[in-house]
Amino acid sequence: MMESRNEAQDFVGCDLCQQPVSFFCRRCGINLCDPCVTIHLRVKSTNVHEIVDFASKDDYDTCHCDSHPKNDCSAYCKTCDAPICILCVSIKHKSHEMAELSDKIEELLKVIAKENDRLQTSKHELEKILGHTTKLLSSISSIYKQRKDEVTARGEEWHKQIEETVKKLHQELDDMQKEHETVLQKQKKQFEEMIGKVDEMNGKTIRLKKSKNVKEMQTFVPVIQNRKILNEFSQHSFPSFYECKIDPNYLQSYFGYVEKMQENKTSLLENEFKERELSGRRMLDVPTVTSVIDTGFPADEYNNRLYDMAVTDDNKVWMGGESGELKLFDLQEHFHHTVSTTCLGMFLCMYNKQVVYSDQPNTAVRMISDTDTVVTMFTTGDWKPYGVTSTASGDLLVCLRKDDQSKVVRYSSTGTVLQEIQYDSQCQPLYKQVLYITENVNGDIIVTDLKKNVVIAVDRLGIFRYSYSGKDSKFFACSVATDSVGHVIVTDFQGNKIHILDRDGRFLRYIIPEGGIKDPRGVCILGHGEMMVGESKTGIAKRIKYLEE
């Protein structure tokens, strides 16, 4: 039964009568049985019929001349790029350049073979891709299930962190409550004693009004005069809870950042111990200028020359000023070399031993490589970058502005946004026009705000810590830096001095070296109790010693 079915599938019939085929007409392209061959040959045609056995119909194939269809092509006309018959050679193409038809066939077969090889190679690649795609399809369900499990695990971890944070906040509130109760109980007792004394004074006054004992009155006068009245007292407010909307994208990047912070917990603790060891160093009564560098930057129309600076690990200083160049000097006042950029060197920092700068016109943060070529680290979209600084955790903090908005963004080296700081606990903007930025040893993120004319500090999570607005009306907060002890150093452009604050933003003193400092802007810490401060309008950088050894 199977054999008969195969025979039925392989049966080919005559195109004229559907009887089993025996012959084939190559010129007309039809199948013929024995009886129909005679009938077909009687049919007139522009072509000469060519009858062959059906089994050998594909063994030989030729082409017929377009001008003389009854003739096979036997030559090739190069001039017309066409195969022709023997009549065409002597008539229509008589003066044309000719070639053997076999040569043209060989040439075409080579091209066909080459292209076929290319397609076969492509087929092998397609088969590989098909295999890979098939494999992916078979594993896609398990891969996505694995990703879901990872997300679930991360969510559980976040829940655990949130629960721990809530528990910690509860404990802190319990401790605050106990402390608050103790303070209020003490204050209550003091007020009761004071009221008792006042009542005692009042009773004695009433009694003395009915008395004529002058001596007792004389004795009582200084007592009642020395009894102090309450002009002011400490008012203790209860803690408040402020609720802000949570951005899921921010939450995702934030927890990634928290994980990274936990990885760097050891180094942060080491900084804390180091900071305590150094905290005993005293400031010099009279800061001294130990060396001076003339950076040689040209002046702009407002006479600004020198903008910012950053110190390298081997105690050299990159300077940026009013030109498309960054210049490298050593502390012995020697110039080393220059790197050309496409923007002003207004905001610099060191990152992984390379100098990094903000390219405002192109909204990018760029780095100078070991070969002095400019490398784009990442772009900042439609936000313009200003101050930039590296962090203990190996990230970059960048001041960004757009229209009337300002924020601080923490980036990884590849430009991934890890953290955004823009609003306080009451969802109000922290900044108006961010300018320069630095990170303190305790993780505080400190910026200067051009429009507010203040120094603003938040902790490493972006929670407001303090602000500093100077000691007089001439204060103009420009650049900011921190030293290994945790001092906050702020250049006062209009006040011609440098302000030093402690880590909590409390003013400690001014730094005004011998000979003064004129229009200070850029500042960086050199170590060994020294800082480098740039005079914006003179282009002079002064090395100033301000801490004892």
Side-chain angles (χ1 to χ4, degrees), residues 132-177 239-272 365 377-383 390-398 400 402 405-431 439 442-445 457-465:
H132 180 66
T133 303
T134 304
K135 186 177 179 181
L136 286 179
L137 278 172
S138 65
S139 60
I140 190 169
S141 178
S142 61
I143 290 174
Y144 274 88
K145 184 180 182 302
Q146 183 180 352
R147 294 293 89 81
K148 286 181 179 179
D149 292 342
E150 290 171 354
V151 170
T152 300
R154 177 59 59 86
E156 291 173 353
E157 184 180 342
W158 289 354
H159 281 297
K160 183 179 178 182
Q161 290 181 5
I162 291 171
E163 288 172 0
E164 290 176 353
T165 302
V166 170
K167 189 183 296 183
K168 181 181 177 183
L169 289 173
H170 281 179
Q171 184 61 51
E172 289 179 0
L173 287 170
D174 288 341
D175 295 341
M176 289 171 64
Q177 180 181 344
S240 300
F241 176 76
Y242 298 101
E243 183 176 1
C244 294
K245 291 182 180 179
I246 297 175
D247 182 348
N249 295 326
Y250 169 75
L251 185 64
Q252 185 174 356
S253 62
Y254 166 74
F255 275 115
Y257 165 60
V258 169
E259 289 177 357
K260 190 166 185 179
M261 280 176 50
Q262 290 172 345
E263 291 174 3
N264 290 279
K265 187 175 180 181
T266 304
S267 61
L268 291 172
L269 288 173
E270 289 175 356
N271 286 340
E272 186 72 20
V365 174
M377 297 183 68
F378 52 84
T379 57
T380 55
D382 53 355
W383 290 77
S390 58
T391 69
S393 59
D395 306 320
L396 280 170
L397 291 169
V398 186
L400 298 180
K402 182 178 73 170
Q405 300 179 73
S406 285
K407 63 181 177 180
V408 170
V409 176
R410 182 186 296 270
Y411 289 96
S412 69
S413 61
T414 57
T416 301
V417 175
L418 302 175
Q419 183 186 21
E420 289 192 5
I421 304 169
Q422 190 171 3
Y423 302 103
D424 61 18
S425 60
Q426 300 181 51
C427 298
Q428 297 300 310
L430 279 165
Y431 316 110
E439 183 188 58
N442 61 355
D444 282 355
I445 300 165
V458 299
D459 65 16
R460 58 172 61 92
L461 297 180
I463 300 171
F464 176 78
R465 284 259 292 126

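Along the sequence shown, residues are numbered consecutively beginning with 1. Everything numeric in this text was worked out from a predicted model, so none of it was measured.
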### Query
Under a 4.5 Å cut-off applied to non-hydrogen side-chain atoms, are Val417 and Phe378 in contact?
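A side-chain contact under 4.5 Å is absent here.
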Out of curiosity, [X] [atom1] to [Y] [atom2], how far, rounded to the nearest 0.5 Å?
{"X": "Asp382", "Y": "Leu400", "atom1": "CG", "atom2": "CG", "result": "10.0 Å"}
{"X": "Ile421", "Y": "Ser406", "atom1": "CD1", "atom2": "OG", "result": "13.0 Å"}
{"X": "Leu418", "Y": "Leu396", "atom1": "CG", "atom2": "CG", "result": "10.0 Å"}
{"X": "Asp395", "Y": "Arg410", "atom1": "CG", "atom2": "CZ", "result": "5.0 Å"}

### Message
Holding to side-chain hydrogen bond (donor to acceptor under 3.5 Å, both in side chains), I want the full list of residues that pass it with Glu172, two or more places apart in sequence or in another chain.
### Response
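side-chain hydrogen bond (donor to acceptor under 3.5 Å, both in side chains) list for Glu172, sorted by chain: empty.
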### Residues in side-chain hydrogen bond (donor to acceptor under 3.5 Å, both in side chains) contact with Thr391, at least two apart in sequence or another chain
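Thr391 satisfies side-chain hydrogen bond (donor to acceptor under 3.5 Å, both in side chains) with Ser393 only.
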#### Entry: From CA spacing to verdict: side chain to side chain contact (heavy atoms under 4.5 Å, CB included), Met377, Tyr411
CA-CA 10 Å; Met377 297 183 68; Tyr411 289 96; over 6 Å; no
### Task
Mind checking side-chain contact (heavy atoms from CB on, under 4.5 Å) for Glu150 and listing every partner two or more places apart, or none if nothing turns up?
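Residues passing side-chain contact (heavy atoms from CB on, under 4.5 Å) with Glu150: Gln146, Arg147.
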### Query
Residues two or more places apart in sequence or in another chain: which of them pass side-chain contact (heavy atoms from CB on, under 4.5 Å) with Thr414?
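Thr414 satisfies side-chain contact (heavy atoms from CB on, under 4.5 Å) with Ser412, Thr416 only.
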### Query
Can you list every side chain to side chain donor-acceptor pair (under 3.5 Å) pair that touches residues 162-171, not counting sequence neighbours?
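For residues 162-171, and leaving out neighbouring residues, the side chain to side chain donor-acceptor pair (under 3.5 Å) pairs sorted by first residue read Gln171-Asp175.
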### Task
State, to 0.1 Å, how close Lys407 and Tyr431 come at their nearest heavy-atom pair, and which atoms those are.
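Reported closest heavy-atom pair: CA-CD1, 4.2 Å.
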### Query
Which heavy atom in Ser139 sits nearest to a heavy atom in Ser142, and how many Å separate them?
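Scanning both residues completely, I find the closest heavy atoms to be O-OG, 2.8 Å.
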### Task
Go through the steps to decide whether Val458 and Ile463 satisfy the test side chain to side chain contact (heavy atoms under 4.5 Å, CB included), and finish with yes or no.
CA-CA 5 Å; Val458 299; Ile463 300 171; 5.8 Å; no
### Task
Give a yes or no on whether the backbone of Ala392 and the side-chain of Glu439 come within a donor-acceptor separation of less than 3.5 Å.
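Present.
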### Message
Looking at Gln419 and Arg460, would you say the former's side chain and the latter's main chain have a donor-acceptor pair under 3.5 Å?
### Response
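Checking the backbone N and O of Arg460 against the side chain of Gln419, a donor-acceptor pair under 3.5 Å is found.
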### Listed partners of Asp149 passing salt bridge (charged side-chain N to carboxylate O under 4.0 Å, His left out), at least two apart
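Here the qualifying residues are Lys145.
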### Query
Taking Arg465 as the fixed residue, which of Asp459, Asp444, Asp424 is the one that meets the salt bridge (Lys or Arg N to Asp or Glu O under 4.0 Å) rule?
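For Arg465, the salt bridge (Lys or Arg N to Asp or Glu O under 4.0 Å) test succeeds with only one of Asp459, Asp444, Asp424, which is Asp444.
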